[in-house]
Participant: 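This structure is in structure tokens; I'll ask about it shortly.
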Amino acid sequence: MDQNNKNVLWLGLVSFINDTASKIILPILPLFIKEIGGTGLAIGIISGFGESIASLFEVVSGFWSDKLGRRKPFVFLGYLTASICKILFSVAKIWPHVLILKSAERLGKGLRSAPRDAIIAASTEKETRGKGFGIHRAMDSGGAVLGASLALIMYWIFGFTFRDIFLIAGIISFLSLTPLFFVKDRSTVKNTTSLKVGMKSLPISLKLFMGVATLFALGNFSEMFFILKSQMYFTGKLAIAIPIILYILYNASFSLFSVPSGILSDKFGRRVVLFMGYTVFGLTCLGFIFSHSLVFFIILFILFGLNYALVEANERAFVSDMVPESVRGTALGTFNMLTSLVALPGGFIAGYLWDLNVTYTFVFGAVISLTAIILFSILKSKIK
């Protein structure tokens with residue numbers, strides 16, 4: 001196996017371990033926030049603010065990784081920051097504490113995402129890039145399946161408290177740093193332009209696509225709202241266990257479909273697969289408006305995972321296809337910044353609507369998704 005393939009697998013292993021830790025926390029986090037006094041609006045702010053804070057670092061870390069011709073130090077610092085914050089969740093007392101820690105944890109994501117994606121893009125050819133990103137996302141979501149399963153076991157079988165579970169997750173997160181030592185930075189041509197010039201040099205087709213993807217991201221609110229909706233129809237320990245099981249199912253679907261969706265985009269084009277993904281999300285939101293039974297929730301969480309499999313990796317592969325390697329970090333950072341920046345208003349809107357009427361949140365997601373689909377269709381000839 002050559003070093004390029006090893007890079008994809010080592011980075012996949014890093015994400016597998018890190019996401020195991022993250023997804024031990026995530027399915028119980030909205031339940032913990034409610035326990036310490038947070039409302040739907042608080043959950044929306046926490047989910048959105050962290051992503052928006054991260055977005056400010058996405059383009060900067062991507063640009064500087066281009067500027068220095070080195071990606072790995074940014075990736076390492078990002079995962080280290082996130083690991084420290086995960087441990088500190090165990091000492092949060094009120095929901096603003098969670099807001100601060102979640103924002104700092106997402107800052108770590110902002111530092112690592114664009115440079116990491118640039119390493120993956122540089123380690124793959126255009127003809128197989130969708131598959132490469134798909135493999136990484138499959139390993140990432142595979143960790144999510146394991147993490148959520150561990151959360152369920154610790155809560156249901158061993159009776160651990162939320163805080164105990166957070167502490168264990170933080171310890172696991174530090175283990176994700178080990179495989180990074182085996183990742184090799186590919187030497188790249190240093191970008192000598194300024195950040196402003198670098199962003200202006202991005203092709204118009206990419207900018208148009210970023211506009212569509214950013215609009216879609218506005219309505220693609222946190223999975224925490226899907227978890228809370230499923231909790232409403234169960235009582236006792238099942239009110240905790242069933243949402244976690246459904247979250248496991250969502251991540252299993254995400255993992256299962258990630259590589260096939262990447263291969264599909266390599267064969268039939270990124271636009272076709274992304275159009276499918278945006279459509280699936282809209283249908284999922286519509287389904288959550290009317291769903292009241294476990295059977296329907298199972299179907300919808302599978303569709304929710306399929307949506308992410310079709311969209312997540314292929315958006316990054318599409319961006320990578322449109323630019324040369326010398327500005328790929330800047331392009332990926334800009335894309336990640338824009339799609340993350342709207343997470344705050346998106347989360348705020350979703351949370352505000354949730355407190356008014358749960359149904360309104362999912363109507364919002366469906367309407368934004370439909371709008372993105374229409375815009376993507378109109379601009380089809382210009383986004384290449």
Side-chain angles (χ1 to χ4, degrees), residues 5-29 79 82 86 109 112-113 116-117 119-121 123-124 128-154 169 172-173 175-176 179 220 222-224 226-227 230 241-267 270 273-274 276-281 283-284 287 297-318 336:
N5 290 329
K6 288 180 180 178
N7 273 349
V8 173
L9 293 178
W10 283 124
L11 286 171
L13 183 58
V14 172
S15 289
F16 176 84
I17 299 171
N18 179 73
D19 225 48
T20 296
S22 295
K23 296 320 186 284
I24 288 174
I25 293 173
L26 200 146
I28 63 174
L29 189 60
Y79 280 111
K86 285 184 177 72
K109 178 185 177 183
R112 71 182 185 247
S113 292
R116 180 203 62 206
D117 290 344
I119 293 176
I120 294 173
S123 301
T124 54
T128 59
R129 188 162 291 144
K131 180 181 178 181
F133 275 97
I135 289 172
H136 178 264
R137 298 310 300 165
M139 295 181 73
D140 182 272
S141 53
V145 173
L146 176 59
S149 300
L150 289 174
L152 180 62
I153 291 170
M154 285 187 278
I172 292 173
S173 182
L175 298 176
S176 68
N220 191 10
S222 171
E223 57 266 77
M224 287 195 280
F226 295 91
I227 293 170
S230 67
I242 293 298
I244 296 176
I245 291 170
L246 290 171
Y247 186 74
I248 293 170
L249 185 63
Y250 146 68
N251 279 288
S253 172
F254 186 2
S255 182
L256 179 65
F257 292 117
S258 286
V259 174
S261 71
I263 295 173
L264 200 65
S265 78
D266 288 336
K267 187 172 183 179
R270 317 285 185 218
V273 176
L274 289 173
M276 292 167 56
Y278 295 166
T279 302
V280 169
F281 180 75
L283 293 174
T284 302
F297 281 131
I298 289 173
I299 295 171
L300 290 172
F301 271 87
I302 291 174
L303 287 177
F304 190 38
L306 174 61
N307 148 69
Y308 268 90
L310 292 169
V311 172
E312 280 268 299
N314 289 309
E315 282 186 335
R316 289 168 171 78
F318 201 22
N336 290 337

Participant: Do the non-hydrogen side-chain atoms of Leu11 and Ile120 ever get within less than 4.5 Å of each other?
Facilitator: yes
Participant: Salt bridge check, Asp117 against Arg316: does any charged N sit closer than 4.0 Å to a carboxylate O?
Facilitator: yes
Participant: Taking the side chain as every heavy atom from C-beta outward, state whether Asp140 and Arg137 have any pair of such atoms under 4.5 Å apart.
Facilitator: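 Yes, close enough: below the 4.5 Å cut-off.
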Participant: Should Arg112 and Asn18 be marked as a side chain to side chain contact (heavy atoms under 4.5 Å, CB included) after you check the CA-CA gap, both sets of side-chain angles, and the distance that decides it?
Facilitator: CA-CA 12 Å; Arg112 71 182 185 247; Asn18 179 73; 3.6 Å; yes
Participant: Give, for atom NE2 of His136 and atom CZ of Phe16, the distance between the pair rounded to the nearest 0.5 Å.
Facilitator: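 His136 atom NE2 to Phe16 atom CZ measures 12.5 Å (nearest 0.5 Å).
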Participant: So, Ser255 and Tyr308: side-chain donor and acceptor under 3.5 Å apart, yes or no?
Facilitator: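 Ser255 vs Tyr308: no donor-acceptor pair found between side chains.
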Participant: Any sub-3.5 Å donor-acceptor pair from Thr20's side-chain atoms to Gly147's backbone N or O?
Facilitator: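 Flag not set: sc Thr20 to bb Gly147 has no pair under 3.5 Å.
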Participant: So, using side-chain contact (heavy atoms from CB on, under 4.5 Å) as the criterion, who are the partners of Ile248 when residues are at least two apart?
Facilitator: Val145, Ala148, Ser149, Leu152, Ile244
Participant: Are Val280 and Phe304 side-chain neighbours, meaning at least one heavy-atom pair lies under 4.5 Å?
Facilitator: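 Of all side-chain heavy-atom pairs linking Phe304 with Val280, none is under 4.5 Å.
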Participant: Kindly compute the distance separating CZ (Phe133) from CD (Glu312), expressed to the nearest 0.5 Å.
Facilitator: 11.5 Å
Participant: Determine the minimum heavy-atom distance between Lys23 and Ala144, stating which atoms define it.
Facilitator: CG-CB, 3.2 Å
Participant: Taking the side chain as everything from C-beta on, heavy atoms only, tell me whether Phe281 gets closer than 4.5 Å to Asn220.
Facilitator: yes
Participant: If you round to the nearest 0.5 Å, how far is CG of Leu246 from CZ of Phe226?
Facilitator: 12.5 Å
Participant: Which atom names give the shortest non-hydrogen contact between Ala169 and Ala21, and what distance separates them?
Facilitator: O-CB, 3.1 Å
Participant: How close do Asn307 and Gly277 get, heavy atom to heavy atom, and via which atoms?
Facilitator: OD1-O, 3.2 Å
Participant: Do Pro179 and Ile17 touch side chain to side chain, with heavy atoms closer than 4.5 Å?
Facilitator: yes
Participant: Any idea which heavy atoms bring Arg129 and Thr124 closest together, and the distance?
Facilitator: NH2-O, 3.2 Å
Participant: Do Met154 and Ile24 have side-chain heavy atoms sitting under 4.5 Å apart?
Facilitator: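 Yes. Closest side-chain heavy atoms under 4.5 Å.
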Participant: Would you name the heavy atoms of Ser258 and Ala309 that are closest together and state the gap between them?
Facilitator: N-CB, 3.7 Å
Participant: Please report the shortest heavy-atom distance between Gly132 and Val8, naming the atom on each side.
Facilitator: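 Smallest heavy-atom distance, with atoms named: O-CG1, 3.8 Å.
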Participant: May I have the step-by-step check of side chain to side chain contact (heavy atoms under 4.5 Å, CB included) for Leu13 and Leu9, ending in yes or no?
Facilitator: CA-CA 6 Å; Leu13 183 58; Leu9 293 178; over 6 Å; no
Participant: Give, for atom OG1 of Thr284 and atom CD1 of Ile299, the distance between the pair rounded to the nearest 0.5 Å.
Facilitator: 11.0 Å
Participant: Less than 4.5 Å apart, any side-chain heavy atom of Tyr250 and any of Ile302?
Facilitator: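 They are not in side-chain contact.
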Participant: Please round to the nearest 0.5 Å and tell me the distance separating atom CG of Leu274 and atom OG of Ser261.
Facilitator: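 So the CG of Leu274 and the OG of Ser261 are separated by 9.5 Å.
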Participant: Would you confirm whether Ser113, through its side chain, and Lys109, through its main-chain N or O, come within 3.5 Å as a donor-acceptor pair?
Facilitator: yes
Participant: Let's go through Asn314 and Ser265 carefully: what are the C-alpha distance in whole Å and the side-chain angles of both, what is the deciding distance for side chain to side chain donor-acceptor pair (under 3.5 Å) to 0.1 Å, and is it a yes or a no?
Facilitator: CA-CA 7 Å; Asn314 289 309; Ser265 78; 2.7 Å; yes
Participant: Can you tell me how far the OG atom of Ser173 sits from the OH atom of Tyr79, to the nearest 0.5 Å?
Facilitator: 9.5 Å
Participant: Does the Asp266 side chain pair with the main chain of Lys131, one donor and one acceptor, at a distance under 3.5 Å?
Facilitator: yes
Participant: With heavy-atom distances below 4.5 Å as the criterion, would you say the side chains of Arg116 and Ser15 are in contact?
Facilitator: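 Yes. Closest side-chain heavy atoms under 4.5 Å.
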Participant: Please walk me through it: do Asp19 and Ser22 pass side chain to side chain contact (heavy atoms under 4.5 Å, CB included)?
Facilitator: CA-CA 5 Å; Asp19 225 48; Ser22 295; 4.0 Å; yes
Participant: Determine, using ring centers only, whether Phe301 and Tyr247 are less than 6.0 Å apart.
Facilitator: no
